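Just below is one structure, and these are the notes that go with it.
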Protein chains: 2
Amino acid sequence: MSNKSDFSTLPAQAVIREVGLRDGLQSIPTRVSTAHKCEWITDAFAAGQREIEVGSFVPPRLLPQMADTAEVLAFARTLPGLKASVLVPNLKGAERAIEGGAHLMILPLSASHAHSLANLRKTPDEVVDEMKRIRAARDAAGSQTLIEGGVGTAFGCTIQGEVKTSEVLRLMQALLDAGADRVSLADTVGYADPHSVRELSEQALKIAGDRFCCGHFHDTRGLALANVYAALEVGVSRFDASLAGIGGCPHAPGASGNAASEDLAFMLQACGVRTGIHIEKLLALRAKVVGWLPGEPTHGALWRAGLPKTAQAATAAH
Amino acid sequence: MSNKSDFSTLPAQAVIREVGLRDGLQSIPTRVSTAHKCEWITDAFAAGQREIEVGSFVPPRLLPQMADTAEVLAFARTLPGLKASVLVPNLKGAERAIEGGAHLMILPLSASHAHSLANLRKTPDEVVDEMKRIRAARDAAGSQTLIEGGVGTAFGCTIQGEVKTSEVLRLMQALLDAGADRVSLADTVGYADPHSVRELSEQALKIAGDRFCCGHFHDTRGLALANVYAALEVGVSRFDASLAGIGGCPHAPGASGNAASEDLAFMLQACGVRTGIHIEKLLALRAKVVGWLPGEPTHGALWRAGLPKTAQAATAAH
C-alpha cells in the first residue's frame with residue numbers, strides 16, 4: 001500500500017440527464033399518462049434538472065408507452081432553459097424530432113454486432129449510414145436539433161460477450177465522421193467496471209474531445225455509481241440517470257436498473273461537484289413517480305436513509 | 001471535459017476481509033447457530049477468503065449473537081492459512097482474544113465524541129488509553145495477536161454531524177502511539193463519498209503508511225463500492241465487507257448494510273485486482289446464508305444478475 005498520486009481534481013460541475021421518462025418508462029409495462037409525464041418534467045425542472053430525455057420516436061406498436069412523445073416534447077419546450085432530448089431509432093424518428101423542435105436527438109448504435117442485429121435489425125455500420133441520412137435531413141431542414149450518436153454495449157454484450165475497444169472507438173469515430181455533433185458511451189447491459197470505464201473514457205476523449213459528452217451506466221451489478229466516479233475522474237461531466245433507478249437492461253429481469261438520479265446527485269454533490277439539483281425536491285418527485293408505478297421494481301438507497309446531517313445545508317446551496 | 005491524467009494503476013491484489021459473521025450477525029435479531037457459523041467459515045475459506053472477522057468479545061447480555069465467539073474462533077484456527085480476527089471493545093475482550101489465539105483483534109474507536117459517548121460510554125481518548133492497556137497485556141502474555149485500532153465515524157456522524165479530519169488523524173496517530181500495530185478507517189454511518197474517501201485515505205497513508213491497513217464502508221446511501229474504488233486508487237488494498245451486505249448501521253433502519261462481499265469481489269476482479277476469491281462459490285455460500293436468515297434484509301446486485309459472460313472464465317482463474 002502506498003500513496004501513489006495526488007491526482008484528485010474532479011469537474012467543478014456535472015449534468016445529470018434524466019432518462020427515466022424514456023429508458024425507464026419504456027422498460028416497464030405500467031403506462032404513465034401524458035399528464036403525469038408533464039408533471040414529472042415540471043417537478044424535475046423545479047428541482048433543478050435542465051436536461052431531460054422526454055421520450056422516443058419509435059413506432060407506437062413497438063413501444064406504446066412512448067406514443068405521446070410529440071406531445072410531451074411540446075410541453076417540455078415550454079419550460080425556459082430546459083433541454084429536451086428524444087431517442088430516435090432511425091431517419092423517420094429523426095424527422096419527427098426535427099419537426100417537434102427537440103433540442104437534441106440521440107441515435108443509438110450497438111457496438112456489438114450480435115446485439116445490433118437482434119435489437120435494431122441493422123449492423124452497426126448500417127446505423128452509421130443512417131446517421132449520415134439524419135444529418136442531411138437536419139441540415140436540409142435548417143433545424144437546430146443537435147445529433148448525438150450513442151455507442152451502446154460499449155463494455156460487453158449479453159449475446160456476443162466481449163466487445164472490442166477498438167471496435168467501439170472505430171464506430172464512435174465513424175458516427176462523428178457521419179455527422180454526429182457529439183457521441184456518448186453506454187453500458188447497456190451492466191458489464192462495465194470502474195477500471196474499464198476509466199480506460200475507455202480516456203480513449204474516447206482522445207478521439208472526440210469535448211464531443212464525447214455523456215456516460216450511461218446501468219446498475220445491473222451494483223457498479224453504476226463507481227463507474228460514474230471513474231469517468232468523472234478523467235473529466236466526463238454528463239451522465240444519464242433515471243429517477244428511482246427505473247429502466248435498465250431488459251435482458252436481465254429482476255436486476256437493478258439505471259443509475260438512480262437521486263443517488264447520483266447525492267454522490268456528485270457530496271464530492272463537491274455542482275449539479276444544480278435540489279435533492280430534497282428530487283426525493284419528493286421520486287416518491288410521486290413511485291406512486292405512479294405500483295408494483296414496478298424501483299431502486300436507489302438515498303430515499304431510505306435520507307441525506308446525511310453533514311449534507312443538508314450544502315445540498316440546498318448547490 | 002478534458003483528459004486530465006493517465007493515473008490509473010490499481011493494486012495488483014486486494015483482500016476482502018469478511019465481517020458478515022460479526023458486523024452482519026450482531027446487527028440482526030436472527031440467531032445463527034455455532035454450527036452454521038463454522039459452516040459459513042468453512043465455505044468462505046473454500047471460496048478463497050483468507051481473512052474473516054469471526055465474532056466479538058463483548059458481554060453476552062449485550063450481544064447474545066456473539067456469545068459463541070470463543071468457540072467459533074477455535075474452529076477458525078483449525079483452517080490452515082486463515083487469519084481469524086475478532087472485535088474487542090476493551091481490555092477484557094482483548095484478554096479473551098489473546099487467550100483464544102486470535103490472529104488479530106480490532107479495538108473500535110469513534111472519532112465523533114458524541115458517538116463515542118453514546119456507543120462506548122468513553123471519550124475517544126479514553127479508548128486510546130485502553131489501547132495502551134491492551135498492548136501491555138498482549139506483550140506481557142507474549143502473544144502473537146496483532147492489534148488494530150479501527151477509527152470509526154471517520155466521515156461524519158449521525159449524532160454530532162461533522163467529524164473533523166484533523167481529529168480523525170490525531171486519533172489515528174494516538175492509537176499508533178499507544179501501541180496499535182495497525183489502524184483502519186470506518187464509515188460507520190454511511191456518510192462517506194468517493195472524494196472524501198480519497199482525501200482522507202491519502203492523509204492516513206501519510207501518517208501511517210503500510211500500517212493504515214483497511215477501509216470499512218457502509219452502503220447506507222449506495223456509495224460503498226464507489227468509496228472502495230476511490231480508496232483503491234490511492235493504494236488501499238484491504239476492505240471489510242459482508243456477505244449479502246448484511247449489517248451496517250443500526251442507526252439507519254431499513255437502509256442498506258455493508259458493502260456486499262460478492263459485489264465487491266466482482267468489482268475488484270473486473271478491475272483486474274486479484275482477490276483469490278472464486279465468485280461462484282461465494283454466491284453459493286450467499287444463498288446458503290440467506291437461507292439461515294429468513295425475513296432479514298439482504299442486499300447486493302450480483303446474485304440477481306449473475307456474472308457477465310466476459311467475466312466467467314476470468315473469475316475462476318483469480
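The model shown is predicted, which means the values in this text are computed figures rather than measured ones. Here is how names work: the chains are called A, B, and so on, in the same order as the sequence lines, proteins then strands, and each is numbered from 1.
Between B:Met267 atom CE and A:His195 atom NE2 the span is 12.5 Å, to the nearest 0.5 Å.
Under the 3.5 Å distance criterion, the side-chain polar atoms of A:Lys309 are left unmatched by any main-chain donor or acceptor of B:Gln160.
Between B:Ala270 and A:Asp193, the shortest heavy-atom distance links the atoms O-OD2, 3.2 Å. Nearest approach of A:Gly161 to B:Thr310, heavy atoms of both residues: C-CG2, 3.6 Å. Of all heavy-atom pairs spanning A:Pro194 and B:Cys271, the tightest one is CD-SG, 3.6 Å.
In terms of heavy-atom pairs under 4.5 angstrom with chain B, the leader among A:Tyr229, A:Trp303, A:Phe155 is A:Tyr229.
Of the options B:Leu307, B:Leu225, B:Leu302, a side-chain contact (heavy atoms from CB on, under 4.5 Å) to A:Arg221 is made by B:Leu302 and by none of the others.
Both the backbone and the side chain of B:Ala230 come within less than 4.5 Å of a heavy atom in chain A.
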Kindly determine whether B:Leu223 and A:Phe266 satisfy side-chain contact (heavy atoms from CB on, under 4.5 Å), including the steps that lead there.
CA-CA 10 Å; B:Leu223 303 190; A:Phe266 166 63; 3.6 Å; yes
